[in-house]
Structure formats: C-alpha cells, structure tokens
Amino acid sequence: MNEDVLLKVDRVSKKYCKSLKQSMLYGMTDIGRNMFRLSSNPGELRKNEFWAVNDVSFELKRGETLGLIGSNGSGKTSLLKMLNGIFWPDKGEITIKGRVGALIAVGAGFHPVLTGRENIYVNGAILGMNKRELDKKFDAIVDFADIGDFLDTPVKYYSSGMFVRLGFAVAVHCNPDILLVDEVLAVGDMAFQAKCLDRMMQYIEEGGSVIFVSHQLHQVDKLCRRSLLMYHGDSLFDGETEKAVDYYRKSLYSKEVGPKGRVGSGEIIVKDVQILNSSGKVSDGCCVGDDLTIRVHYETRGLTDEVVLDVALYSIDGGIVCSMRTDADKFSLNKLNSKGFIDLRIKSLNLLPNIYVYSVNFLKKNGYAIFDSHSKEYKLVVYGGEKVKGVCSLMHEWVVN
Amino acid sequence: MSDQLRITKYRPDNSIRQSYVATFSEIFREISENRWLIFQLFKRDFTAAYKQSIMGLVWAFVIPLVSIGTFIVLNRSGVFVIGDIKVPYPIYAVLGMAFWQLFSTGLLASSQALVLAGPMITKINFSKKSLVFASIGQGLVSFCVQLVLLIALFLFFRIMPSHGVFLLPVVILAIIFLTLGMGFFLSLLNGVIRDVANILPMFLTFFMFLTPVLYERRSYGLLNTINHFNPMNYFILAARDLVLNGQIKEWHGFLYSAIAAIVIFILSLYVFHLTETRITERV
C-alpha cells in the first residue's frame, strides 16, 4: 500500500436480507459455519437478499476528505459501518492504516441516568480512549460541548442539542487518523454546526482524513474537494464534489419529478399545467430574467367552498424556493367556470440556471383541506447565464472607484 | 507517526482467516487492552442500576432475604424436607443462595449483554467481549453483599466458619468461568433468537430446584443422577463444605467440574470471537 494511503477499499460489497425470519435463519447458518471455521459463502446471494453496497472501490490519502452523497438507502451508512469494522464486507477487502473514529450516531453509548461527567468517561472508553487520555482531554471536551452547569445532570434531562454536542465533543477528541462522520451535525443548532465544521477543518489541516456523509450538500461542498456518489449500492461517480453534486441533482431530478399519486377530495382538479415563455409558447422553462407564465388548467364539479391555488417552487435537492398563493396575494378565485385555466405570471424570473420542481395545489380557503394536490410533479428549467452558486439572481452591478 | 500505525484488514469471513494461535493471541490482546473499558462499563451498569432508587444497594440484601425467608417458612411448616444439616438453616440457605446467585444473576445479565447494547454495537465498533465481562459485575457485587449478610449470620449464631473459607476464591473463580462460558454463548444466541431471554429465567428457576442449593443432596433417585452431571451441584457443595467442614468431600467431582467450566469458557470465548461481527448484523 502506498505510503500516504490510509484507507483502501477494494471492490467491497455487502448484502442484506429483507425478511426478518429468513435473516435469523441465514444468521444461524453463517454463525454455525463460522463457528466451525467454515466459510459462510458470503459472496453468493440467497433468496430475499440483495446487495446494499455493490462493488465499491476507492482510496483515501492522509489529509484528504471524501464526501459521500446519495439518497436514503443508497448504501452510505452501510459502507461507513464496514469501514468502521462494525460489519465485515461480504466481498472485497478493506485495508486501514491507523485508528478510525466514527461519528455514526453521536451519544450512542450514553446512558440516560448517568451525568454528563460520567458519560464522558464511559463513552470515551467505548470509543477507545484510556483513562490518561480522558483525564487530559476532559476540560477540552467539556469546553467544546458547552453544556455549562449541566455537567453533573443526568443526560436524559439534556436538550437534544446538548446531547449531540456532548457526543460530538467526546468523539472528536479521540484524535483518530480517519474520521467517519455520518449526518450527525443535522441535529445541532446553526452555531454548533459551524463550530463542528470549524473543528473538522482544523482536524483536516492537522493532517486528518475525513469521510463525510451528509444530505446538506453545501456542507459537503465546503468540507470535501472530492466526493463519491452512491446510488442503490453502486458507486456512480467519484471525483470533484461539484460534479458529484451535479450528478446527484440530476439523478434526484429523475426520481423527484413525475406523477406520484395525487391526493385531494377532487371537487376541483388540475387537468394540466403548462409553462409559457415570454413569447407565449409552451416550453419547459426560460432564461434567467425572462417573463414566465405557469398556466394551470382546471376542471370543477359542484364547488361549494372558496378555493385557493398554491404554486410552490423547490430546488432540486428539496429546499423550497418560493410559494405563491392566491389568498396571500388577496386574489379571489370565487367565480370559476366548470373548466378553464388560471395563469400565474412571473415577471423577470430571477432564479439561477438549474432545474427546479414545483407543486400545484388546489386548497380550501381558511382551512387545510385539499381539493387536489400535485406535489413536486412538474419541472421548470432555467437556462443561460454563467455558472454561479446559489438559488436566486439579484439585480446587481459592479462599480470601481 | 505513519510507521507505527496499526494496519487493519476487513475481509469476508475475517475471523476464520487466521491460525488458532493468532486467534487466541488476538482474543487475549483484546481483553488486556480493554480492562479499563470493562471496568467503566461495569461502573456504568452499577451506577445506573442504583441511581434512580431510594433504597439503592439495600436491594441486594432484600431480594435474597425474601427468597430465603420463603424457604425458612416452608421448612418450619414441614412442607419441604431439607435433610440432615448441622448448622442453622439461615446460614445454610444464605450460603447456598449466594453462590447460586453469583451464577444465575451473572448468566441472566450476560445473556442480555449484546441485545441490550444493540443500538450501540451497531454504531460504534468496540470490544463486545467487554460487555459480557462487565455484565457479570452486578452478580459479583450482590455476591459480596450477601457475604456480608453471611458474616452477620455467623456472628449472630456465634458459629465459627472453618479455615476452608480461604480456599473459597477457587470455587468463586470456577463459578465465574462457568458463568462467563455459558454467558458468552447465550449472549450470541440471544442476539439472533430472542426466545433465549424468555426461556432462561424459567430454566434457571427450574435448575435451582434441581441443584441442592437450599437442601441436602439426596443419595438416590433421578435427582441424584441428574446432579451427578451438574457442575453447579459440585460448586455449591464445595463452597458449603469449605465454609462448614473445611474440606471438599466430593473433590474429584469439583475438580472435573472446574476443568469443564474452564473448557466451556475457552470454547465459547473462541466461538464468540469468531462470530461476534456476524451477530452485530442480526442484533
């Protein structure tokens, strides 16, 4: 293995079983065979088994950070657990140089009735620190966790934020050679997230290597130059984070958009939705700064309550960009024919080039009853412009004095 | 720095790729490296068990006292024939129960060790053997408490125990080996099949009545035949003989049982080592 390579993952696969009873049976068989030093034939799939991680390979050098992205169930956590040695791979080989620290679930080893102080010692021991190390780092841990007077309070009375802070503080002070981080920062507040990211940056600068799993793509972007995109157990892409994120967005898009079963009572329904560009032609989007019309064709039968139309625009990774509602705009929809269309005109659309999705919902006024809801079913493409980061384009100019 | 880094390899069926010698040296290294962890885990269980209770450690006295009280009542009313004993029954019963409970509490706790730590062992990679070792700590503590009770009883009845008490650690050690041996195996089994946790308490109650914990061993009948192959029978008899008579009457039975306990311990520790990661997947 190369001098600098701390972690080598060579064609690693892991299988899981979908059925609990079968899993018990397989477990007994595997354990029985291992007990007598026989191989459990891990490389073969049995009935109801599937590859949760399939033929993944990569290397990690000292001081390198790797982002691991992909939708839920794509095998990220299973991969991390194998790197941590919690499970063994069913195929392939993992070689690790040095100590691995894992932040897969912070505070997993905490006992609710024990105080923060007691838990620091127990958790530290579980994470592989000895007494001397813990005595030395105790103050730093308490300081980082920032739990103040609660140090001698049972952790079950902690807020979830304090709990995570303490868990993170203990884990991060283990000084591992490779740190595995799995979506743990999501729980803490903004200030703490920033603090954790700072601590990780510092750790990276000191020569630590990190594998970082997160759905917060901007955090991945900030921490990792390189990312691995996983999809249904396969590694789809390994390279620059920006490209991986791009790839991920596209794969999300193909999953996000499309009829997913509509809900609602159906007194008024969305028949069709069209996008018209500035010249009035049906299109899939427009350029930055153009005028745009979203035309909602409806059909109604015996509408008694007043109706509200809601169009909500989302970025492709799920964040809401803008929601537009007729009731919020004091626009009344009380004289609707049995058939027709409603236009939503957006003037000079200042969204950055990307793919967006939007929902179209008919709702009951002054209530939450749904007549017809098409959640994130439609897409809107914004073209043109230079590639910059973000969601919206602000009208701006530069001046040099 | 990079020269001293330990290289770890994870491969399919990782545990069975080594020689026997390498496997045992790895087991030994793991245990010796984790002594502090074992102590911390024990301390955690101990503190947690008594923290949210008013009576705290008093419970360790109360529970055996109640069960022994039941037997004293049964004995007095003649329902239950104890046999020919030379000391006051309370001493006899506490002595038997203390050693029995060292085994039964330890076994119950260790069989649950992996399952109770389930959420933790699937998220942190640490020594799972330490969990089993630490779990018998509770049994040891209540054993010590009962020894205090026993000393009080000896003082109360003004009886002097025999000098054989100094050999008791051998018996205690043998019981611990048996407890851990069975505990390692049952904790694995319980990890996959939860029925173990339901069956074990019932089985232990039944087993306690089979074993001459609270009465003298009969020299005839089915019970005698069963106890002929029951290591706990020999351990309890040995403990009682040492305290009351100063020598072990059935010493060869004790010796064979002690050897069996050590063999069971080594075998199941070995099986545990080979399969602990597999269990983690199924817990």
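Since the structure is predicted, the reported quantities are computational estimates derived from the model, not experimental observations. Because only heavy atoms are used, hydrogens play no part in the values below, and waters and symmetry mates are left out as well, while side chains stay in. Naming convention: chains lettered A, B, ... in sequence-line order (proteins, then strands); numbering from 1 in each chain.
For chain B, no part of A:Leu80 is nearby; none of its heavy atoms comes within less than 4.5 Å. Proximity to chain B (any heavy atom under 4.5 Å) is restricted, for A:Leu38, to the backbone atoms N, CA, C and O. Contact of A:Thr115 with chain B is made through backbone and side chain together, with heavy-atom distances under 4.5 Å. Using a 4.5 Å cut-off between heavy atoms, A:Tyr16 makes no contact with chain B at all. Interface remark: B:Phe39 contributes no atoms to any contact with chain A (heavy atom separation under 4.5 Å). With a 4.5 angstrom heavy-atom cutoff, A:Asp182 does not touch chain B via any of its atoms. If you measure heavy-atom distances from A:Glu93 to chain B, the contacts under 4.5 Å come from both the backbone and the side chain.
The contact list for residues 128-141 of chain A toward chain B, using heavy atoms and a distance under 4.5 Å, reads A:Met129, A:Asn130, A:Lys131, A:Leu134 by residue number.
A donor-acceptor pair shorter than 3.5 Å can be found between the side chains of A:Ser39 and B:Asp13.
In this structure, the separation between CG on B:Leu274 and CZ on A:Phe36 is 10.5 Å, given to the nearest 0.5 Å. We find the CE-CG distance between A:Met35 and B:Leu267 to be 10.5 Å, quoted to the nearest 0.5 Å. For the atom pair A:Glu118 CD and B:Lys51 NZ, the distance stands at 3.5 Å (nearest 0.5 Å).
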Could you walk me through whether A:Ile96 and B:Tyr10 pass the side-chain contact (heavy atoms from CB on, under 4.5 Å) test, one step at a time? CA-CA 8 Å; A:Ile96 294 163; B:Tyr10 298 124; 3.4 Å; yes
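When the candidates A:Gly109, A:Ala171, A:Ala102, A:Gly32 are compared by the number of heavy-atom contacts under 4.5 Å with chain B, A:Gly109 comes out ahead. Among the candidates A:Gly85, A:Gly27, A:Pro42, the residue making the largest number of heavy-atom pairs closer than 4.5 Å to chain B is A:Gly85. When each of A:Phe87, A:Tyr121, A:Phe110 is checked for heavy-atom pairs under 4.5 Å with chain B, A:Phe87 comes out on top.
With B:Leu37 as the fixed residue, the side-chain contact (heavy atoms from CB on, under 4.5 Å) test singles out one of A:Ile126, A:Val122, A:Leu127: A:Ile126.
Proximity of a side-chain donor or acceptor of A:Asn34 to a complementary backbone N or O of B:Thr275 within less than 3.5 Å is not detected.
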